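Throughout, a chain's letter reflects where its sequence line sits, starting with A, and its residues are numbered from 1. Only a predicted model underlies this, so the values are computations on that prediction, with no experimental measurement involved. For the numbers below, each heavy atom of this structure counts, side chains included, while hydrogens, waters and symmetry mates do not.
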Amino acid sequence: MMVTGVTKRISAIRFAMLSPEEIRKMSATKVITADTYDDDGFPIDMGLMDPHLGVIEPGLRCKTCGKKVDECPGHFGHIDLAMPVIHVGYVKEIKKLLQSTCRSCGRLLLTKDQAQEYVSQRDRMEELTGDSFESSHISAESAKDASSRTMCPHCNAVQLKITLDKPTTFREEGHKLTPKEVRERLERVPDGDLIVLGIAPSVCRPEWMVLTALPVPPVTVRPSITLDSGDRSEDDVTHKLVDVLRINQRLRENRDAGAPQLIVEDLWELLQYHVTTYFDNQTSGIPPARHRSGRPLKTLVQRLKGKEGRFRSNLSGKRVNFSARTVISPDPMLSINEVGVPIAAARELTVPIRVTERNLAIAKEMCARGPAPEGPVYKPGVNYVIRTDGRRIKITDKNAETVAEVVEPGYVVERHLLDGDIVLFNRQPSLHRMSIMAHEVRVMPYKTFRFNLCVCPPYNADFDGDEMNLHALQSEEARAEAKVLMRVQEHILSPRFGGPVIGAIHDHITGSFILTHKNSSFTREETMKILEKAGVASLPKPAVKSPVERWTGKQLFSMILPTDLHMTFKSSICQKCNECMKEKCENDAFVVIRNGQLISGTIDEKALGAFKGRVLDKLSRDYGSDASRAFIDKATKIAVGAITIRGFTTGIDDEDIPNQAKREIDDAMVQARLKVEEHIKAYRNGELEQMPGRSLEETLEVEIMKVLGKARDTAGQIAGRHLGLENSAVIMARCGARGSMLNLSQMAGAIGQQAVRGERLSRGYWNRTLPHFKQGDLGSQARGFIKNSYKSGLTPTEYFFHSMGGREGLVDTAVRTSRSGYMQRRLINALEDLKVMQDGTVRNTADTIIQFLYGEDNIDPARSVQGDPVDVDDVLLTVLGDKGELIAQIQEKGVVSYGIQDRDMLETPEESEAGDDSDFDIGGEGE
Amino acid sequence: MTEEFNVLEHELVPEHHILPKKEVAKVLKELNLGKDQLPKIRLSDPCIRALDAIGGPVEEGMIIKIVRRSDTSGMSVCYRLVVRG
Ligand SMILES: [Mg+2]
Ligand SMILES: [Zn+2]
Ligand SMILES: [Zn+2]
Ligand SMILES: [Zn+2]
């Protein structure tokens, strides 16, 4: 297949082993001495720093290729080992080979027919493009088959059992096999038998797994550094090679001098240890080699493995230029598409501008300003100029003017960021595509990145010290692509659940509630203040003319809606009355929008909120991203305007309840305690009626939990009677801004039962939770029921129980995040190179099919309606208009928040209250 | 588990059909694919073993047509190549 634009294609990659001959052939020099430098500081010939191995000092030339520092790639040397040693990386293969071949003739322990069968299996698999996994499967099968034989089918020799003493000692029925013996056995295995085991003998003879020569990596791979004191500090790999050389030398001398076998064997084993740790210093079964300071050495495997290894840190992840990182803070006056960039950052991040006839004057002017223009107004300067010959000139205050003179078409000028530049903005962990979005720059004073609060949810950001990254794009293509595909407004609808991820949060929701709830109205001055920020130029007719002109909040909100918008839905504050009163709802919870006029209902989380906002959803679906961006920007401003005018605060007195109510709660608690005791008594007397499928103890637990659950709910209800919509905390909970009624009832009423692993607390001491209780006490107080509220304060035992429950929550989140992070990584690695082709199929890089149709239904989840292809309710409303009384009959689809549902153990399913605010626990979020 | 249990009758298992030999070329042409580009299914797969027992021998290299019900698109069809294993 010809592919245009590609001159060379990789058709295959083959992994092979280095033979000792190859090691010697590619070697630039033999290394024999463990000394590195002589007394004058020059590298010793045939030492580890031999100049034949490459250059690391500027000015010197390589003795092998004659090139200078950055030009010479470095050259391998080699060490001839006095005695062979096992390569740790291949012990598994060696073991497999020893077990599956004959100890005397070296043949594979399979009959000719068996071997032939495995070979043909392999051929068949290759024909059907099997992968390496299948190939290794066949190899493993044949090896297993062979090693199960106890007698050689070729020479009838009886086979002995081979075991591996970790990490590198092989034993045959307890008798130790020296590496030399191992190597001799592997040498005897004929080429033909290796193919059956999935080894290509032409490039991979098994005896090469036992090393006789060791390659010495070029000095460029293990550069030495000169400390300030003038001392040289060597790389860990060099240290390890020194050890190998030293022992190798001693072993050779002792062997040649005819030293006792015992001494030679000890040295041989020591050499094996050093070669093993040279490859992998975390080999299990042997102590890691250490530096003089006690720090374990970082040898070859350690360079590659793990998070800090070559793969994850240098190949999969790279460091980049033109990026910035700083603390973030909110700015509701910015558009959701914008990001505020501090001047200091804007002067470091640059955009290359190609100079042409038309922008020559501007380029010269910017250049003349130098790298740090002063003055009250931010004006872009230039940090570097790239000449037509590719030379890069750094601009300083001194040379700015002169360089500006010579700038001409064809030059590239790297100018500072300007308002409107497209940049990428990111917050870790980057778990979904909305974690990196394109923003337009607004250069601002101070030191933080700023953005609109509606963009917090996709980044999962808050402002308790979070930092974010910013990347200045360097090419026209990148900017165009980012603007079309990655701009914030293009990501209002999430592909995760087909609803908005960008939307109002917290005060923004409270603000719109205050603006639109019931008959809230505003004077001329207030109205002007609110609308002016949103850029609405003309005032509608006032809803009330006398005694003073007043505009209703519903009128103001309607100003920012498209004039042909029709919607009907229920607000968050809806009490889910048995019979809905519709427009006449006494809670004003039935939202009706006709011709862009908000006729009834309150605008709250259900309308504007991130994840749930119906209006956002509808706007971005039907009116496009520009319109919904404009809407969100304006909504932010009028909501902020409304809340600013009314003022809004919450404090501990929001949880105040009258003394009478407190007494009622206390009574309820006493009742509950007595009832629990009654149940316990019944249980002890054997009068408790066992529930089907439960033991007597379990039945008792369930009964007690029921009672205590009811007690907490009663307390919540009693407290709730005194918590009306005039209460700020209640407003926040009911309109979806923050907190839940459950949280409030725990603050004002009672906290309720604490649980670990979904059960009442029971562990700690012998048959009791704390030594303050009698053994076997099953009462409510002894098993973690908290009758107090957060406001009234907890008793010491209650506090302890609460901490037990809280600890479980913290451990859970810690475990959850680490586990999901690992899963995410595995998923990304598996899916990263799949793509949707022109014909709708999903394929991998091998061009094989993963899905015949994207998602098997060809639906873009971001454009779906909560996962469905069509919004039937909306179609009905559009087609039938208000006649669509049908709509009322169509059950409103419960839009479930995607957040983790925090199930409360005391809540029975039917009376459960939405308590999905998992982040309202003690300890709070990190940072 | 009883011997008579047939996985193909389970409501969570999609329909599996053996693609008749004469249709293979047509289907592959329609999809513009080679046999080797298809997803695979092992001979040891419970569905294949069940098909083998009911619909005659299933061999390596045959193509299985799988039809799934879908809430969003009604029906979705895919093909798998039978491989050893
Ligand atoms: Mg934070
Ligand atoms: Zn060189
Ligand atoms: Zn033999
Ligand atoms: Zn209602």
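No side-chain N or O of Asp113(A) forms a donor-acceptor pair with one of Thr111(A) less than 3.5 Å apart. Using modelled atom types, one finds a donor on one side chain and an acceptor on the other under 3.5 Å when comparing Tyr118(A) with Asp145(A). No donor-acceptor contact under 3.5 angstrom links the side chains of Gln37(B) and Thr848(A), judged on distance only.
Per-residue heavy-atom pair counts under 4.5 Å with chain A were compared for Gly74(B), Ser70(B), Pro39(B), Gly34(B), and the maximum is reached by Pro39(B). Chosen from Thr841(A), Asp847(A), Asp839(A), the residue pairing most often with chain B at heavy-atom distances under 4.5 Å is Asp847(A).
Contact of Ile859(A) with chain B is made through the side chain alone, with heavy-atom distances under 4.5 Å.
By the 6.0 Å contact criterion, CG on Asp71(B) is open, its count of non-hydrogen atoms from other residues, nucleotides or ligands being 12 or less.
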